[in-house]
> 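Structure incoming, see below.
In this chain, residues are counted from 1 in sequence order. Numbering of ligands and ligand atoms starts at 1, following listing order.
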Amino acid sequence: MPIATKLYASNVTSTLNSKTNSNNGDLIYVILIVIPVIKLFLYSTIHNQNPTTSTLQSLSSIQPFWWQLLFMLQKMLRLHFTTALSHFASKASPFPLTPVSVTVSRAIVCNNPTRFRSQMGSFSTSSSSSSKLLFRQLFEKESSTYTYLLADASHPEKPALLIDPVDRTVDRDLSIIEQLGLKLVYAMNTHVHADHVTGTGLIKSKVPSVKSVISKASGATADLYVEPGDKVQIGDLFLEVRATPGHTKGCVTYVTGDAPDQPQPRMAFTGDTLLIRGCGRTDFQGGSSEQLYKSIHSQILTLPKSTLIYPAHDYKGFTVSTVGEELQNNPRITKDEETFKNIMGNLNLSYPKMIDIAVPANMVCGIQSNPKQAEAS
Ligand SMILES: N[C@@H](CCC(=O)N[C@@H](CSS)C(=O)NCC(=O)O)C(=O)O
């Protein structure tokens, strides 16, 4: 029996029980109170006394007998006596004393699951929703890199793309793609990375139909080059390409489409341009703090405040932010341009350990002469 029906049935039973009990209570009321009063009046009449003036005298003479009788009755009918008291009390009180009210309130909670679901839903701000989008944020711990998997799950072929895959985690990424029944179409980079080798080359060696993608401005070799304003389509979903130079000269940010059938809120894959509470360094690969400041402010922070920020790295355990959150809390980009340039000129970060291997490899989208060697590294 469904829980709501069960509760309703027990509620009906309780109501019937309390009705029976109140009839018993009426009977006890007659035995305990009405009969003694009649007896008192009869006694007064028989003895030719005015009942009003002789009440105290009369009571004192009959009390021992009647109270003894009442005491015995009470013992015999303890349960009924208690019920009778409850009956009188409930008649006097605006609040019912029987458990019926408890049962009813439980039934109301269980009968309104949608109310509680919608309350829970209104607290969810950390992910974007679309009936089409399948989204996964994947992490590579050596370089603290995020790789993003996006797919149109409503399309018959379930076309998918990867943003910023890492060579070390290609097998993991391809296995989740296979498990979810997706068809990987594009392996994309936000820029030429300096701290790890991109997974795009290795992916192509394992799934030759996949196309590698990078910006034309990067100067790197790939199957497809994107430019500002281009759209990268998978099924009915698309990403817009925005030029965001500054960390490197070819950096781009991929932003989900601005249309009612696209994920809401929008999602921005910012690479190393905008990090959570930080931003990419500007001291190599054609970096420029002046350009970075302009890119972030004109191309990313002008998006709706609800836009989700998904960076290529995080070193502090953050996973996602929003434009609104960064506008308020980012210690670098909330400053004026001069202060920002000063901060960026004094970061004193050591060069990435992999820079001498990573940059040349990534200039050809990670295509290795021996993919098996790369897989083992
Ligand atoms: N220690 C790491 C490199 C860390 C680093 O320099 N990160 C870059 C992005 S990867 S090129 C960066 O821009 N950091 C900004 C910051 O404020 O930390 C290594 O050796 O690989």
> According to a 4.5 Å side-chain heavy-atom criterion applied to Ile, Leu, Val, Met, Phe, Trp and Tyr, with indirect links allowed, do V166 and I357 form part of one hydrophobic cluster?
no
> Does the protein place any heavy atom closer than 4.0 Å to atom 2 (C) of ligand 1?
no
> Checking contacts here: is it the side chain or the backbone of S143 that comes within 4.0 Å of ligand 1, counting heavy atoms only? Could be both or neither.
neither
> Determine whether any protein heavy atom is located less than 4.0 Å from atom 21 (O) of ligand 1.
yes
> For the pair L150 and L133, evaluate side chain to side chain contact (heavy atoms under 4.5 Å, CB included) and give the outcome as yes or no after the intermediate values.
CA-CA 7 Å; L150 286 85; L133 176 69; 3.9 Å; yes
> Considering only protein heavy atoms, which is closest to atom 7 (N) of ligand 1, and at what distance to one decimal place?
Y315 OH, 2.8 Å
> Are any of the side-chain heavy atoms of L292 and F340 separated by less than 4.5 Å?
yes
> What atoms of ligand 1 come closer than 4.0 angstrom to any heavy atom of H313?
9 (C), 10 (S)
> Sort out for me which residue in Y186, Y254, F269 forms a ring pair (Phe, Tyr, Trp, His ring centres under 6.0 Å) with Y148.
F269
> Only heavy atoms count here, so choose which of G271, S144, C279 is nearest to atom 15 (C) of ligand 1.
C279
> Check each atom of ligand 1 against the heavy atoms of G280 and keep those under 4.0 Å away; list them by number with element.
13 (O)
> Among R281, H196, R332, H193, which residue places a heavy atom closest to atom 17 (O) of ligand 1?
R332
> Please work out which of P311, P352, A358 has its closest non-hydrogen atom nearest to atom 19 (C) of ligand 1.
P352
> V185 versus L161: any side-chain heavy-atom pair under 4.5 Å?
no
> Looking only at protein heavy atoms, identify the closest one to atom 18 (O) of ligand 1 and say how far it is in Å.
L349 CD1, 3.9 Å
> Counting from 1, what ligand 1 atoms have a heavy atom of K353 closer than 4.0 Å?
19 (C), 20 (O), 21 (O)
> Are the side chain of T322 and the backbone of E325 linked by a donor-acceptor contact shorter than 3.5 Å?
yes
> Side-chain contact test, heavy atoms from C-beta onward, threshold under 4.5 Å: evaluate it for N362 versus N189 and give yes or no.
no
> Kindly state whether the ring of Y310 and the ring of F135 have centres lying under 6.0 angstrom apart.
yes
> When you look for heavy atoms under 4.0 Å from ligand 1, do you find them on the side chain of M354, its backbone, both, or neither?
neither
